[in-house]
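Comments concern the structure below.
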Amino acid sequence: MIFCRSSKASSPEYSTSQNMPFWLSKTILAETCATYSRSGSKEKMQWYVVASLLTILTSSQGILTTLSQSNGGYKYDYATVPFLAEVFKLIVSAVLLWRECQRSPPPKMTTEWKSVRLYPIPSIIYLIHNNVQFATLTYVDTSTYQIMGNLKIVTTGILFRLFLKRKLSNLQWIAIVLLAVGTTTSQVKGCGESSCDSLFSSPIQGYMLGILSACLSALAGVYTEFLMKKNNDSLYWQNVQLYTFGAIFNLARLVLDDFRSGFEKGPWWQRIFNGYSITTWMVVLNLGSTGLLVSWLMKYADNIVKVYSTSMAMLLTMVLSVFLFNFKPTVQLFLGITVCMMSLHMYFASPSTLLDLPLTAKAAPESAIEVSVDRRMDS
C-alpha cells in the first residue's frame with residue numbers, strides 16, 4: 001500500500017528515505033499518488049463500459065431469441081445454441097491467448113492439475129441449476145418462477161460476503177434488496193390480468209426449489225469470480241479452461257438428447273445447423289459475446305456489477321418490448337425501473353453524495369488518501 005497524505009506530508013518524518021531530500025520525496029510521492037489515481041479512474045471507466053455493453057447484449061438476447069422463433073416455436077434445436085456459443089468463446093479466447101503469447105514477457109499460465117481441475121466446477125453447478133429450473137417449473141407457473149428468480153440478487157450478495165469475504169456497507173445491502181424489490185415489482189401483473197393469489201398458491205416444493213435455484217445461480221457466479229481472481233493468470237488462459245469444459249458439458253447434453261430420442265432426428269452433428277437463419281446466428285454470437293464480457297467483469301470487477309447489469313438488462317428488455325412486440329407498459333414497470341435506478345445510484349455512489357455530511361467529515365478523506373498498488377480485489 002502507498003499512503004498519500006496531504007495534511008501530514010509537510011513533516012520531515014514522512015520522508016520516504018532519510019538520504020533523499022524531503023522536497024524530492026514529497027514530489028515523488030505526489031506523482032505516484034496521481035498516477036495510481038488516474039489508473040484507478042481509467043480502470044473503473046473500463047468496467048463501466050463493459051457493464052453497459054453487457055446490459056445491452058443481455059437485453060438483446062431475449063429479443064433476438066424471440067425474433068428467431070417461427071410460428072411460436074423453433075425450427076432449430078435450441079440445445080445447439082449454448083454449445084456453439086461455448087465453441088465461439090473458446091475460439092476467441094484461444095486466438096487472443098495466442099496473440100498474447102507472442103508478446104514479451106509471455107502471459108502467466110498455471111498448468112498444474114490441482115488448478116485446472118477447478119474449472120469444470122462452474123459447468124457442473126450450471127448443469128445442476130438447469131435441471132433444478134425445469135423441476136421448479138413443474139410446481140409453479142412462469143410468472144411466479146420469474147419473480148422467484150430475483151432471489152438470486154440477494155443470494156449473490158450473501159454468498160459474495162460469506163465466500164469471498166467481501167464487506168458491503170449497510171447502504172449497499174439496502175441497495176441490493178431494493179434492486180430485488182424493483183425487479184420483482186416490474187414483473188408483478190395487475191390483479192385484473194391474473195389472480196394475485198396465484199403467487200402464493202403453489203406447492204411448498206416449488207418455493208424450495210426456487211430458493212435452491214437462486215442459491216445455485218449465485219454460487220456459480222461467486223465461484224467463477226473466485227477462480228478468475230485466485231491468481232494472476234492470463235484472463236484468456238482462464239477463459240480457455242472455462243470454455244473447454246463448458247463445450248464438453250454442452251456436447252454431452254447433445255449426445256444425451258440423442259440417446260433419449262433414440263436418434264429419431266439423427267445424430268447431433270448431422271442436425272446441428274438445421275433450421276439456422278441469420279437471426280439464429282446472431283443469437284449464438286450475442287450469447288457468446290455476453291459470456292466473454294461476464295468473464296472480464298469477474299476478473300476485473302465483481303459479481304455485484306454483473307447482477308446490476310443483468311437486472312438493468314431485464315428492465316431494458318421490457319421497455320424495448322413496448323415498441324417491438326406491442327407490450328403494454330404498466331405502473332408496476334415504471335415503479336420497478338424507478339426503484340432499480342435508485343438502487344443503482346445508492347450502491348455505486350460515494351457516501352458523501354448520499355448523506356448530508358458536515359463539511360469537516362467531507363474534508364476528512366482529502367487528508368488521507370489510500371492508493372492500492374494492487375488493484376485486484378481480495379478473494
Side-chain angles (χ1 to χ4, degrees), residues 1-7 33 36-37 39-52 54-55 150-185 214-215 217-219 221-226 228-230 294 297-315 336-379:
M1 295 286 184
I2 295 177
F3 291 90
C4 309
R5 302 181 181 270
S6 59
S7 62
C33 292
Y36 282 115
S37 179
S39 175
S41 300
K42 181 179 178 181
E43 197 170 278
K44 200 168 186 179
M45 181 58 65
Q46 285 178 341
W47 67 252
Y48 277 148
V49 173
V50 173
S52 300
L54 178 60
T55 299
N150 295 315
L151 286 173
K152 67 183 178 184
I153 297 173
V154 179
T155 54
T156 297
I158 294 173
L159 296 181
F160 187 72
R161 175 68 182 92
L162 292 178
F163 290 104
L164 298 182
K165 307 301 181 183
R166 298 288 307 283
K167 292 184 179 180
L168 299 174
S169 67
N170 292 336
L171 282 175
Q172 288 176 320
W173 277 115
I174 294 173
I176 290 174
V177 174
L178 280 178
L179 180 64
V181 171
T183 52
T184 301
T185 301
C215 291
S217 177
L219 178 61
V222 169
Y223 184 82
T224 301
E225 181 179 345
F226 162 76
M228 304 301 280
K229 291 179 177 175
K230 74 183 183 70
V294 168
L297 284 177
M298 293 296 187
K299 181 77 170 178
Y300 300 111
D302 56 50
N303 260 282
I304 304 298
V305 177
K306 188 204 77 169
V307 164
Y308 269 95
S309 294
T310 53
S311 298
M312 294 301 161
M314 182 190 66
L315 298 176
I337 292 175
T338 303
V339 173
C340 287
M341 291 315 236
M342 293 171 62
S343 168
L344 182 68
H345 178 67
M346 183 180 293
Y347 187 90
F348 291 104
S350 62
S352 60
T353 63
L354 299 173
L355 303 175
D356 190 14
L357 300 175
L359 293 177
T360 54
K362 290 184 179 181
E366 298 178 0
S367 63
I369 306 172
E370 180 181 336
V371 181
S372 174
V373 175
D374 185 3
R375 300 293 301 179
R376 291 177 63 254
M377 301 176 180
D378 298 331
S379 59

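Along the sequence shown, the residues carry numbers beginning at 1.
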Do you know which two heavy atoms are closest between [X] and [Y], and how far apart they sit?
X      : Y      : value
Gly336 : Leu315 : O-CD1, 4.4 Å
Thr310 : Val307 : OG1-O, 3.0 Å
Tyr300 : Trp47  : O-CD1, 4.3 Å
Leu297 : Ser309 : CD1-OG, 4.5 Å

Donor-acceptor under 3.5 Å (Ser343 side chain, Val339 main chain)
no

Look at the side chain of Asn303 and the backbone N and O of Lys306, then say whether any donor-acceptor pair between them is shorter than 3.5 Å.
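The answer is no, because no donor-acceptor pair under 3.5 Å joins these two groups.
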
Could you pull out all residues at least two apart from Tyr347 that satisfy ring pair (Phe, Tyr, Trp, His ring centres under 6.0 Å)?
Tyr308

Taken in chain and number order and not counting sequence neighbours, the residues that satisfy ring pair (Phe, Tyr, Trp, His ring centres under 6.0 Å) with Tyr48 are none

More than 12 foreign heavy atoms under 6.0 Å from CE of Met341: is that the case here?
no

With a cut-off of 3.5 Å and sequence neighbours excluded, list every side-chain donor-acceptor pair involving residues 155-163.
unit_1	atom_1	unit_2	atom_2	d
Thr155	OG1	Leu151	O	3.2
Thr155	OG1	Lys152	O	3.1
Thr155	OG1	Ala214	O	3.2
Thr156	OG1	Lys152	O	2.6

I'd like to check Met298 versus Lys229 (side-chain heavy atoms, cut-off strictly below 4.5 Å). Are they in contact?
no

Student check: side-chain heavy atoms of Leu54 and Met312 closer than 4.5 Å:
no

Quick one: CG on Leu219 to CZ on Phe226, what's the gap to the nearest 0.5 Å?
12.0 Å

Give, for atom CG of Leu168 and atom CD1 of Ile304, the distance between the pair rounded to the nearest 0.5 Å.
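That separation rounds to 6.0 Å.
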
Name all residues meeting the side chain to side chain donor-acceptor pair (under 3.5 Å) criterion together with Thr353; count only those two or more places apart in sequence or in a different chain, and write none if there are none.
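With sequence neighbours excluded, Thr353 shows a side chain to side chain donor-acceptor pair (under 3.5 Å) to no residue whatsoever.
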
Please list, chain by chain and in numerical order, all residues satisfying side chain to side chain donor-acceptor pair (under 3.5 Å) with Thr184, sequence neighbours excluded.
Asn150

Between side-chain atoms of residues 171-178 and protein atoms elsewhere (two or more places apart, or another chain), which donor-acceptor pairs fall under 3.5 Å?
unit_1	atom_1	unit_2	atom_2	d
Gln172	OE1	Ser169	N	3.0

